Amino acid sequence: MTQEIEAQESSDGKKFMKKHWRAVLIFVAAAIFAAIGAVYVFVWFTGNAQSTGLVPSTLETWTMNNVVMFMLHAIFWELVLVGIPVAVGAIIGWQWWKRLPEEEKKEYHFGKRSRRRGAGGAVSPLLFIAFALKVYFDGNWNSPIANWALDYVVGSMVTILVWTVAIFAIPATIGLIWWIRREMTKKT
């Protein structure tokens, strides 16, 4: 049964691509150009960041301020030079899809997408932000990263771990206690 459904979905995809091969080709080419453009913009920005003095050219003299400023500027230029054209292309593709006749859209059964559960990579940026805040509050924001001792970095990571546990464990414990009390009063 599942093989029949998979065969039906794959044949729908093939039928769709045969009928709209020009649009599929344009979207694939646009995706390839966007990926190449993102890499090129990052290489371009890195060279300019060093030559304009945004960041030092040697990594041993980088400070946390340099790391954060580099990341913020890189994100800005990627969004401006790659993100906006990709968004415009996505809007054009959506408008093209909306203009297809409803009968034709119903004809293609691409299947339901599965929803992924979990943080999906949101933890790493949060830990970096916590580390940056720790470095700032310790007064090491503008000191070169090469001067930091391993004990300082490890101690900072342990402190961040304790902060994270406190932030998430305290509300979870309160919720668990509330749920247990509610369940205990329900049964009596």
Side-chain angles (χ1 to χ4, degrees), residues 1-133 135-136 145 160 164 167-168:
M1 180 70 179
T2 58
Q3 291 174 348
E4 292 173 11
I5 294 171
E6 288 175 7
Q8 174 67 26
E9 286 178 4
S10 67
S11 68
D12 284 343
K14 286 179 185 177
K15 197 163 57 168
F16 178 82
M17 289 196 329
K18 281 183 181 179
K19 187 168 186 176
H20 301 289
W21 66 271
R22 286 184 188 107
V24 171
L25 183 68
I26 289 170
F27 288 121
V28 168
I32 291 170
F33 284 132
I36 292 170
V39 171
Y40 179 74
V41 167
F42 186 74
V43 170
W44 165 79
F45 170 73
T46 303
N48 281 344
Q50 294 173 13
S51 65
T52 60
L54 178 66
V55 294
S57 58
T58 58
L59 286 176
E60 67 186 21
T61 57
W62 277 44
T63 64
M64 195 59 154
N65 183 33
N66 295 130
V67 172
V68 171
M69 286 297 131
F70 179 80
M71 288 180 6
L72 290 176
H73 282 85
I75 290 169
F76 171 78
W77 285 110
E78 288 287 346
L79 284 175
V80 167
L81 298 176
V82 179
I84 292 173
V86 166
V88 169
I91 291 169
I92 291 170
W94 180 58
Q95 292 296 323
W96 171 79
W97 178 257
K98 281 179 44 178
R99 288 189 182 150
L100 288 177
E102 286 299 319
E103 300 83 36
E104 185 176 353
K105 283 193 253 185
K106 288 179 183 175
E107 189 176 314
Y108 304 115
H109 302 286
F110 290 114
K112 291 209 171 221
R113 293 187 179 104
S114 64
R115 288 203 157 199
R116 225 177 96 194
R117 296 183 186 220
V123 174
S124 293
L126 291 176
L127 291 178
F128 176 76
I129 291 168
F131 182 74
L133 289 171
V135 168
Y136 178 78
I145 294 173
I160 291 166
T164 305
I167 289 171
F168 291 108

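The model shown is predicted, which means the values in this text are computed figures rather than measured ones.
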The test is side chain to side chain contact (heavy atoms under 4.5 Å, CB included); show your working for W44 and L81 and say whether it passes. CA-CA 11 Å; W44 165 79; L81 298 176; 4.0 Å; yes

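- Here the closest heavy-atom approach between residue W77 and residue V41 is recorded as O-CG1, 4.0 Å.
- Within the 4.5 Å cutoff, the side chain of L127 has no heavy atoms near those of the F131 side chain.
- Residues G89 and F27 approach most closely at O-CE2, 4.1 Å, considering heavy atoms.
- The shortest distance between side-chain heavy atoms of T164 and V123 does not fall below 4.5 Å.
- E102 meets the salt bridge (Lys or Arg N to Asp or Glu O under 4.0 Å) test with K105; sequence neighbours excluded.
- Scanning both residues, F42 and E78, for their nearest heavy atoms gives N-OE2, 3.2 Å.
- For the residue pair M64 and A132, the shortest heavy atom distance occurs at CE-CA, 3.7 Å.
- Classification of the H20-W96 ring pair by plane angle, with boundaries at 30° and 60°, yields perpendicular.
- Judged by distance alone, the side chain of W62 and the main-chain N or O of P56 form a donor-acceptor pair under 3.5 Å.
- Heavy atoms from other residues, nucleotides or ligands lying under 6.0 Å from CZ of F33 number 12 at most.
- Side-chain contact between V68 and F128: present, with at least one pair of heavy atoms (C-beta onward) separated by less than 4.5 Å.
- Put simply, CH2 on W94 and CZ on R99 are 11.0 Å apart, with the number rounded to the nearest 0.5 Å.
- Residues passing the ring pair (Phe, Tyr, Trp, His ring centres under 6.0 Å) test with Y136, sequence neighbours excluded: W141.
- Here the closest heavy-atom approach between residue T52 and residue A49 is recorded as OG1-O, 3.5 Å.
- Looking only at distances, a side-chain donor or acceptor of N66 sits under 3.5 Å from a matching main-chain atom of T63.
- Here the straight-line distance linking atom CD1 of I129 with atom CD1 of I160 works out to 11.0 Å at 0.5 Å rounding.
- In plain terms, the two heavy atoms of V86 and A34 that are nearest each other are CG2-CB, 3.7 Å.
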